[in-house]
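Positions are given from 1, in the same order as the sequence printed here.
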Amino acid sequence: MKKKVYFRYNAQTKSYERVHPSLKSRLFAVLRHLAVGILLGYTFFWIVIRYYGSPSEQSLRKENELIATQYELLSKRLDEITQVVDEIAQRDDNMYRAVLHSKPIPSGIRNANKRSNQRYQHLKDLSTSEIVIRTSAKMDVLSQKLYIQSTSFNEIVKLIEKQKDRVECVPSIQPIADKELKQMASGYGMRIDPVYGGKRFHSGMDFTADIGTPVYATGKGKVVEADWKQGYGMCVVIDHGYGYRTLYAHLSEYVAKVGDVVKRGQEIAKVGNTGKSTGPHLHYEVHVNGQPDNPAKYYFMDLTPEEYDRILKEAENRGNVMD
């Protein structure tokens, strides 16, 4: 691009004379162009930074998004683990401690998870502070639950060591082996009477099996009855001590006799169809301190946690009584 040249008319000489700008004018022009360039450059830079960010900021933004996603996944995983721990705690209170005659841990202790907001004050300046604080709080709650449960298990171990004989006596297996069991006909609770109709309380559990199927003692104890009982037919009663008694009804044959001391898993009789019965099955009851209790609570020794949960659900849903 050619440089602009300026002329001025001189009336005295009657001619055009070339005009040469002064140093001041030239310096001012340079400064003016420089200022415009800087302003345009700054404006462009500000727009880029404002809407796109610098390369380092873009990298940090992506990293923060990734961290936030990982925290969300961690938070969900903590929820799942906490649910498992709560299920273990429920089983601890309702099964392990019930068997050992120990009081459940108060809910106020299990759920005492109050935390001061000041505990997470140092996290509030983070760009992902909300999810970080929420996840940290969940981790603290889970840590406390695990500590309480670990302490509880240590206490249970000590109780078992002190009550070794009692643990051997507690009825804690199914009276019929799974491989011999056709199905569980009915569980504990209100059921329909198959002979007289109408609702009545079913104080045990019914297991359908072929006549002659072995029936096992569910805990160490002494046979105190092996005789006919009204409604129950041929029946065996075992006194396990510590307030526990078990009853096995509708039998076809006695294997153990009154006075025998039997061990858990020892055959004591065979399945039959005697007494008020609508088909071959075993009626089984657990009594604690003279009162019937749900037998499903006492199968924890020969069942996996999954099988134990399944049989509890089946016991609740089976409505057909066979005696």
Side-chain angles (χ1 to χ4, degrees), residues 91 94-101 160 163-189 202-209 212-227 229 232-272 280-305 307-312 314-315 318 322-323:
R91 183 170 296 184
N94 298 332
M95 186 173 72
Y96 305 140
R97 288 178 173 272
V99 169
L100 295 170
H101 285 190
I160 291 174
Q163 303 183 49
K164 185 177 180 181
D165 181 69
R166 183 177 180 280
V167 171
E168 291 180 358
C169 294
V170 173
S172 53
I173 63 172
Q174 290 184 152
I176 294 180
D178 264 348
K179 63 181 180 180
E180 306 288 348
L181 182 64
K182 289 185 175 180
Q183 71 172 13
M184 184 174 61
S186 178
Y188 179 87
H202 190 236
S203 57
M205 297 183 72
D206 293 341
F207 298 88
T208 57
T213 299
V215 176
Y216 303 102
T218 56
K220 176 183 174 183
K222 183 177 181 180
V223 178
V224 293
E225 292 184 40
D227 203 351
K229 265 182 174 293
Y232 288 107
M234 293 177 65
C235 178
V236 168
V237 176
I238 299 177
D239 187 345
H240 302 276
Y242 305 99
Y244 292 100
R245 280 196 172 203
T246 52
L247 178 147
Y248 312 77
H250 309 302
L251 306 172
S252 63
E253 181 182 340
Y254 301 118
V255 176
K257 62 183 183 298
V258 173
D260 285 354
V261 175
V262 295
K263 296 180 180 180
R264 178 184 291 124
Q266 180 177 333
E267 185 179 356
I268 56 170
K270 296 186 182 296
V271 172
H281 76 287
L282 172 71
H283 175 80
Y284 172 65
E285 295 182 9
V286 175
H287 291 250
V288 182
N289 297 323
Q291 298 297 321
D293 198 4
N294 188 352
K297 292 166 54 178
Y298 299 89
Y299 300 145
F300 52 87
M301 264 199 178
D302 61 348
L303 297 177
T304 65
E307 291 171 333
Y308 182 82
D309 290 337
R310 174 182 55 79
I311 203 167
L312 284 179
E314 288 181 358
R318 297 284 184 181
M322 299 188 69
D323 47 40

Inset, instruction - Using the side-chain contact (heavy atoms from CB on, under 4.5 Å) rule, take Tyr216 and Ile268 through it: C-alpha gap first, then chi angles, then the decisive distance, then the call. - result: CA-CA 6 Å; Tyr216 303 102; Ile268 56 170; over 6 Å; no
Legend entry - Trace of the side-chain contact (heavy atoms from CB on, under 4.5 Å) decision for Val215 with Leu251: CA-CA 9 Å; Val215 176; Leu251 306 172; 4.2 Å; yes
Inset, instruction - Run the numbers on Thr246 and Tyr244 for side chain to side chain donor-acceptor pair (under 3.5 Å), then give the verdict. - result: CA-CA 7 Å; Thr246 52; Tyr244 292 100; over 6 Å; no
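If you take CD on Glu285 and SG on Cys235, they are separated by 8.0 Å, rounding to the nearest 0.5 Å. Rounding to the nearest 0.5 angstrom, the gap separating the NE2 atom in His287 from the NE2 atom in His240 is 10.5 Å. Note: Tyr232 OH to Tyr248 OH = 13.5 Å, rounded to the nearest 0.5 Å. The NE2 atom of His283 lies 10.5 Å from the CZ atom of Phe207; values are rounded to the nearest 0.5 Å. In this structure, Glu225 CD and Ile238 CD1 are separated by 11.5 Å, a value rounded to the nearest 0.5 Å. Distance CD1/Ile173 to CZ/Arg264: 6.5 Å, rounded to 0.5 Å.
A pairwise comparison of heavy atoms in Leu282 and Ala249 identifies CD1-O, 3.5 Å as the closest pair. Across Ala209 and Ile176, no two heavy atoms sit closer than the pair CB-CD1, 4.1 Å. Minimum heavy-atom separation, Val223 to Ala256: CG2-CB, 4.0 Å.
Applying the side-chain contact (heavy atoms from CB on, under 4.5 Å) criterion to Val258, with sequence neighbours excluded, gives Ala226. Looking at residues two or more places apart in sequence or on another chain, you find no side-chain hydrogen bond (donor to acceptor under 3.5 Å, both in side chains) involving Gln266. When the side-chain hydrogen bond (donor to acceptor under 3.5 Å, both in side chains) test is applied to Asp165, the partners found at least two apart in sequence or on another chain are Lys220, Tyr242. Residues satisfying the side-chain contact (heavy atoms from CB on, under 4.5 Å) test with Asp227, not counting sequence neighbours, are none. For Lys263, there are no side-chain hydrogen bond (donor to acceptor under 3.5 Å, both in side chains) partners two or more places apart in sequence or in a different chain.
Using a 4.0 Å cut-off between a side-chain N of Lys or Arg and a carboxylate O of Asp or Glu, Arg245 and Asp239 qualify as a salt bridge.
Side-chain atoms of Ser252 come within 3.5 Å of backbone atoms of Val271 as a donor-acceptor pair (strictly under, hydrogens ignored). Side-chain N or O atoms of His250 include none that pairs as donor or acceptor with a backbone N or O of Gly272 at under 3.5 Å.
Val236 has its side chain within reach of Tyr254: a pair of non-hydrogen atoms, C-beta onward, lies under 4.5 Å apart. Between Leu247 and Tyr284, every side-chain heavy-atom pair lies at or beyond the 4.5 Å cut-off.
Screening residues 249-258 for salt bridge (Lys or Arg N to Asp or Glu O under 4.0 Å), with sequence neighbours left out, gives Lys257-Asp260.
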